[in-house]
Amino acid sequence: MTQPQVIVVGAGAAGLMAAGQAAAQGASTLLLEKMNRPARKLRITGKGRCNLTNVAALDDFIAHFGPNGRFLRQAFSRFFSAELVAFLQELGVRTVTECGGRVFPASGQAVEVADALLRWVREQGVTLRTGAPVARLLVEEGRMVGVQVSGGEVHRSEAVIVATGGASYPATGSTGDGYRLAEAVGHTIVPIRPVLVPLETAGDVAPRLQGLSLRHVTVRVEVNGQKQAEAFGEMLFTHFGVSGPIILTLSRQVVDTLRAGRRVSLSIDLKPALDERKLDTRLLRDLDAHGKQQFRTLLQGLLPRKLIPVCVEQVGIPPHKAAHQITAQERERLRTWLKDFRLEVTGHRSFSEAIITAGGVDTREVDPRTMASRLVQGLYFAGEVLDVDGDTGGYNLQAAFSTGWLAGRSAARALAA
Ligand SMILES: Cc1cc2nc3c(=O)[nH]c(=O)nc-3n(C[C@H](O)[C@H](O)[C@H](O)COP(=O)(O)OP(=O)(O)OC[C@H]3O[C@@H](n4cnc5c(N)ncnc54)[C@H](O)[C@@H]3O)c2cc1C
């Protein structure tokens, strides 16, 4: 290939979209991917099913990114969930919307999405080079002039889009290179943290409950006894602590709080549908109806089997005590425990288990209308390398596709201008 007009670094969700869009605008485009196979992360998204996006309305969608969501408004206004669904439909990928507004390919196969995008970039005339890790961005007098691949090979171009992803699940190729590349040419990197990540808890309770999944529970995050956040849904116990959808969602706040050196505990409400009074009525009724039953047996109607020994131990009621002998005080202890089963958070898992990386290229140094660097002419950013991170539910992939779309078009149009 003669000198490309646009170089895209990283062939993930954002890079494929950016490269295809740049080429579709008529720019000769070179896509450099470090791994031997492109889009490795995309292929494992959504447990292999790829939760592409979400049908939430724009304001609600943006709220799922926290304060930095504002930065995405322009990109979403140009290319949002409906446009993504229509685009994929044109590539032959039909989609379905499931509970919570989550959109998946109808085939339930993430690989279908990755393969369709790859076919499309090739059809647009993009040159894809795999096994080509970019080691340096080449800048002269404040302008992009090209990139250098590890090993020394130089590709010259006046427009470069960095779409190298975050630092999570590094085995997929996303090892944080983009942060180093951007920092070396003067960009500020907001400190990176693993988020949407499982949490580690104190003591032996979690390991004893390993494999137990609790549905329809409310988990509250408490910092120095003050509620900081809460979520309702499903969680899971693991050998090190807790995971599952609501824990991952809450982890965004927990990670930052732990890093600030503050103590975090989780309070699990095992009976969120019943307030204290209703729960007390229910307990009284059970104790009354099964007066001769042992406390341990009575709990079978209230809790999953695995949780019973933990409950018995923490509530301090002898397991063989007959229901009719349980005192009002003991009943109150049980009621309190059912509404406030506590776990002390001691830490979080590392980048290798985090769905997303928070932090990254400071969005104040990037023009939200074009994804262009405000510091280096001809440099653009797209995807997770930017300091934006959203909840689970399809928000992160949409952000990668939307910023990729905008960066690809803007880079090609700037050349034409
Ligand atoms: C297990 C898992 C499941 C997920 N499921 C979902 C989901 O269902 N829905 C959702 O919305 N989000 C999901 N996410 C998050 C989502 O996958 C990411 O936010 C998204 O892939 C980011 O896209 P990206 O293109 O910015 O980065 P990536 O997809 O990480 O792609 C970056 C690419 O750049 C390449 N690269 C890195 N450095 C270099 C270099 N120096 N030179 C050349 N190439 C380089 C990498 O090899 C990689 O191919 C999931 C994440 C994980 C880990």
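Scope of the values below: all heavy atoms of this structure, side chains included, with no hydrogens, waters or symmetry mates. Atoms within each ligand, like the ligands themselves, are counted from 1 in listed order. Start at 1 with the first residue, then count along the sequence.
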Going by distance alone, is a donor N or O of one side chain under 3.5 Å from an acceptor N or O of the other, for [X] and [Y]?
{"X": "Ser107", "Y": "Glu112", "value": "yes"}
{"X": "Ser157", "Y": "Gln5", "value": "no"}
{"X": "Arg40", "Y": "Thr172", "value": "no"}
{"X": "Thr130", "Y": "Asn36", "value": "no"}

Requested in this report: Assess Arg40 for proximity to ligand 1: is some non-hydrogen atom of it under 4.0 Å away?
Outcome: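 Per 4.0 Å heavy-atom rule, Arg40 does not contact ligand 1.
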Nearest non-hydrogen atom to [atom] belongs to which of [options]?
{"atom": "atom 53 (C) of ligand 1", "options": "Phe381, Tyr179, Tyr169", "value": "Tyr169"}
{"atom": "atom 36 (N) of ligand 1", "options": "Cys50, Gly173, Ala39", "value": "Gly173"}
{"atom": "atom 50 (C) of ligand 1", "options": "Val385, Ile355, Thr403, Thr53", "value": "Ile355"}
{"atom": "atom 40 (C) of ligand 1", "options": "Thr172, Leu31, Asp177", "value": "Asp177"}

Report task. Using distance alone, determine whether Asn51 and ligand 1 share an N or O pair under 3.5 Å. Result ->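 Checking ligand 1 against Asn51, an N or O pair does fall under 3.5 Å apart.
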**Report entry** Side-chain ion pair, Glu222 and Arg262, N-O less than 4.0 Å
**Finding:**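 Here Glu222 does not pair with Arg262 in a salt bridge, since their nearest N and O are not under 4.0 Å apart.
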Query raised in the report: Relative to ligand 1, is Ala132 under 4.0 angstrom through side chain, backbone, both or neither, heavy atoms considered?
Result: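 Only the backbone of Ala132 comes within reach of ligand 1.
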Query - Contacting atoms of ligand 1, where contact means under 4.0 angstrom from a heavy atom of Val9 - result: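 By the 4.0 Å cutoff, the relevant atoms are 42 (N), 43 (C).
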